[in-house]
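Keep in mind it's a predicted model, so treat the numbers as computed, not measured.
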Amino acid sequence: MDFNELEGIEGLRWSWHSWPTTKPDATSLTIPLSVMCTPLAEFSELPILPYDPLTCSKCGAVLNPYARVDYTYRVWYCPFCFFKNHFPRTYSSSLGESSLPAELFPNYSSVEYAKTFSAGSNPVGPSLSSSSLSSMTSLTEAGVRGPAFVFVVDGCLEEEELTGVKSELLRVVEQLPESALVGLITFDAMVNVYDLGFSECSRVVLFPGDRELSSEQIQKFLGISGTKLKLLGKSPVIQKQSFLLPISECDFNITSAIEELHSSAQVTPGHRLQRSTGAAISTALGLLEGCLVNTGSRIMVFTSGPATLGPGIVVDSDLGNPIRNHRDLINGQAPYYRKSCNFYKRLSQRLCDSSVVLDLFACSLDQVGAAELKIPVESSGGFMILGESFESDEFRKCMRHIFSRDEEGNLKMYFDATIEIVTTKDVKICGALGPCISLHKKNNLVSENEIGDGGTYMWKLGTLTSKTCIAFFFQVNDEHKPQPGAAFLKQFITRYRHGNMGIRKRVTTAARRWVTKQSPEIPAGFDQEAAASVMARLAIHRAKTCHARDVIRWLDDTLIRFASKFGDYVQEDPSSFRLSSNFSLYPQFMFYLRRSQFLDVFNSTPDETAFFRLMLNREGVMDSIVMIQPTLLQYSFDGPPVPVLLDIRSISPDVILLFDSYFYVVIHYGSKIAQWRKLGYDKDPNHENLRKLLEAPELDAGQLVAERVPPPKLVKCDQHSSQARFLLAKLNPSVTQDSTCTDGSDIIFTDDLSLQVFIDHLQALAVQS
């Protein structure tokens with residue numbers, strides 16, 4: 001079974017493609033029943049239907065190829081609840097087996113509905129929050145406005161860094177559609193909200209940076225009171241204000257304000273600069289809440305240091321007090337961490353309620369407080385970029401990617417999304433892990449056993465892209481006693497606001513089969529890569545509340561039970577242990593996951609760990625596997641590049657290695673190759689082969705860097721150089737200082753276990769009675 005090919009059809013990766021019929025049998029699999037879903041996956045063929053979806057009157061499932069249709073009486077039977085539904089008159093009178101609507105075509109597991117809604121219509125049905133619905137109505141009545149962007153700029157940036165931010169913001173403002181709303185806020189010890197409607201001079205409203213103000217207080221000081229209409233039960237209308245305006249009304253003022261930004265840093269010896277990052281974000285959110293822009297907004301924060309006062313403080317201004325590290329977090333010696341996390345957790349719920357995305361662009365050689373900000377950035381689906389300079393290509397590439405446009409000229413941004421799951425009654429929904437937040441909507445298909453964001457059949461996403469991936473977890477519903485051979489179905493209904501501000505609905509329906517616990521279909525349907533990605537998400541979810549060593553112990557226990565169940569062996573005889581090809585890669589993935597930066601936080605700051613975990617929690621299966629077990633390609637004179645083992649023995653003086661760990665791309669030159677390059681042999685026409693050999697990995701590395709956002713760090717190093725540590729730290733230490741026979745291989749000085757020793761221990765424990 002080609003799981004990648006199947007993903008190209010469904011946009012789904014299942015850890016198990018055949019499920020046992022009882023809960024105890026499913027639990028004995030050790031890997032949860034789960035689906036990695038990419039809601040807006042790109043398909044070669046995706047029908048866009050210009051009408052409303054036809055939904056079941058009882059369970060809300062959308063008409064799909066698994067429905068049974070009676071063409072004579074023009075009715076269809078829902079495959080989820082078996083309820084009889086009538087086709088509306090709008091469907092063609094010639095409806096028949098030879099004249100099917102696209103949603104009934106067997107080869108379309110996914111379809112997308114893109115109806116243009118008229119004023120006063122309910123574009124998304126009864127499932128979304130009332131605030132989102134009311135805002136949609138108001139926007140329709142007032143004419144469609146574009147999304148809102150509030151730029152929150154650190155006033156303590158150095159002038160060179162501020163120049164880099166200003167140039168990108170000016171480019172963004174120039175290219176935004178005229179209907180897009182913009183706002184500008186700067187912060188240092190105070191928070192400055194720019195009045196973009198006042199053209200006489202630059203006018204700002206100042207807020208204290210050391211205090212946490214409520215949304216109502218912020219709106220009162222800004223003179224915004226649109227929420228009163230909402231409380232009175234009337235249709236909310238955006239009140240006239242001048243802090244968040246369409247580009248068409250403030251193009252000159254916003255451009256002038258950005259051009260006039262200057263560094264307000266006041267350095268006090270022995271002290272850090274005063275930054276009120278949390279207060280600035282809270283002010284930006286209060287502004288958006290007051291303007292009732294509930295259909296998609298972004299708060300984009302540009303900073304180069306940690307918050308030193310007010311809500312969300314990371315460290316105080318005294319340089320005698322170092323910024324927190326992992327040891328401080330473990331020992332409870334980070335005085336502000338928990339309080340700041342609680343502040344941002346409250347903020348993340350408000351972001352969700354208002355459909356606002358929080359992006360963090362942090363460029364600094366030190367920490368900036370990304371660990372505290374991870375909660376609202378991740379739950380809203382925002383970007384997090386940790387760089388070194390705002391003048392770098394990395395920052396410019398990220399900004400241009402975020403504001404890229406599709407073929408029709410619309411921004412490639414999808415806001416205000418929800419994902420709803422409908423299943424047959426023999427399956428229960430446990431929860432989700434990814435850049436989403438639970439809407440706490442329950443029905444009889446929602447399990448009491450919560451995993452991640454559970455207790456619901458619907459989740460909210462502030463934004464999503466074609467690569468956003470969410471892991472959903474399920475369990476067998478024993479009450480309905482599924483029968484072997486019978487099919488069960490799942491439907492993923494994704495509602496979102498397209499770049500043209502219209503509402504779209506993507507519907508994906510998939511079916512799988514129940515089997516007995518001894519069925520050969522269970523091992524045949526095991527997706528090792530999807531399972532490893534799911535376990536990685538579960539591990540970092542546990543790491544929020546458990547020590548890393550406890551998470552690793554949990555992974556080891558799970559792997560031992562997995563190997564014991566699916567291995568072929570004679571009890572108490574480790575040498576007899578064998579795993580079939582369907583399972584053989586999974587222990588290897590777990591070995592590298594244990595050693596990865598997601599769990600082994602040694603030599604990583606809390607900010608870096610937060611960034612790594614945020615990326616793992618949103619990327620698809622293939623990218624997640626590269627993060628867990630990096631790839632290694634070998635370039636030599638013998639032929640085209642070939643994949644080699646991620647092992648110290650793969651290093652050789654006469655080859656070039658291209659290492660890809662998703663976050664780092666390393667070109668490693670063997671000692672002989674490096675020496676020939678330094679002597680300039682590649683510039684000699686007689687050594688054309690050497691020139692081509694040196695060019696090949698650089699071209700491939702450039703392609704890897706170009707297709708990822710944020711782009712990975714590109715490292716070029718020679719064998720035995722200091723930069724080679726980026727590669728050596730990830731290689732399997734099969735040859736160490738304790739090895740008796742090295743065969744001329746390089747040596748890794750480490751006490752870590754090698755893959756072979758790890759597998760030997762696993763076999764010995766798995767065969768125990």
Under a 4.5 Å cut-off applied to non-hydrogen side-chain atoms, are [X] and [Y] in contact?
X	Y	value
Tyr586	Glu529	no
Leu632	Pro643	no
Asp406	His498	yes
Leu433	Ile470	no
Asn477	Lys428	yes
Lys505	Val507	yes

Please confirm whether [X] and [Y] have ring centers closer than 6.0 angstrom.
X	Y	answer
Trp14	Phe3	no
Phe611	Phe663	yes
Phe659	His668	no

Handout entry: Test applied, ring-ring contact (aromatic ring centres under 6.0 Å, His included); reference residue, Phe488; option that passes from Phe80, Trp514, Tyr66, Phe474
Key =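 Going through the options one by one, the only one that passes is Trp514.
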
On the 0 to 90° scale, with breaks at 30° and 60°, tag the [X]-[Y] ring pair as parallel, tilted or perpendicular.
X	Y	result
Phe726	Tyr664	tilted
Phe583	Trp16	tilted
Phe758	Phe591	tilted
Tyr414	Tyr496	perpendicular

Practice task
State whether Asp416 and Lys460 are salt-bridged, where the test is any N-O pair (Lys NZ or Arg NE/NH1/NH2 against Asp/Glu carboxylate O) under 4.0 Å.
Solution key: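 Here Asp416 pairs with Lys460 in a salt bridge, since their nearest N and O are under 4.0 Å apart.
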
Exercise for the section: Would you tell me whether Asp426 and Thr424 have side-chain atoms, one donor and one acceptor, within less than 3.5 Å of each other? Expected result: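 Checked: Asp426/Thr424 side chains pair up, N/O donor to acceptor below 3.5 Å.
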
Exercise for the section: For His326 and Thr609, test the side chains for any donor-to-acceptor distance below 3.5 angstrom and give the result as yes or no. Expected result: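 There is such a pair (donor and acceptor under 3.5 Å, judged by atom type) between the side chains of His326 and Thr609.
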
Exercise for the section: May I ask you to check whether over 12 heavy atoms, not counting those of His480, lie within 6.0 Å of atom NE2? Expected result: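 Yes.
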
Practice task
Determine whether more than 12 heavy atoms belonging to other residues, nucleotides or ligands lie under 6.0 Å from atom CD of Glu707.
Solution key: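 Yes, CD of Glu707 has more than 12 neighbouring heavy atoms, counting only those of other groups under 6.0 Å.
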
Practice task
Provide the closest heavy-atom pair for Lys730 versus Tyr592 in the form atom of the first, atom of the second, distance.
Solution key: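 For Lys730 and Tyr592, the tightest heavy-atom pair comes out as O-CE2, 3.9 Å.
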
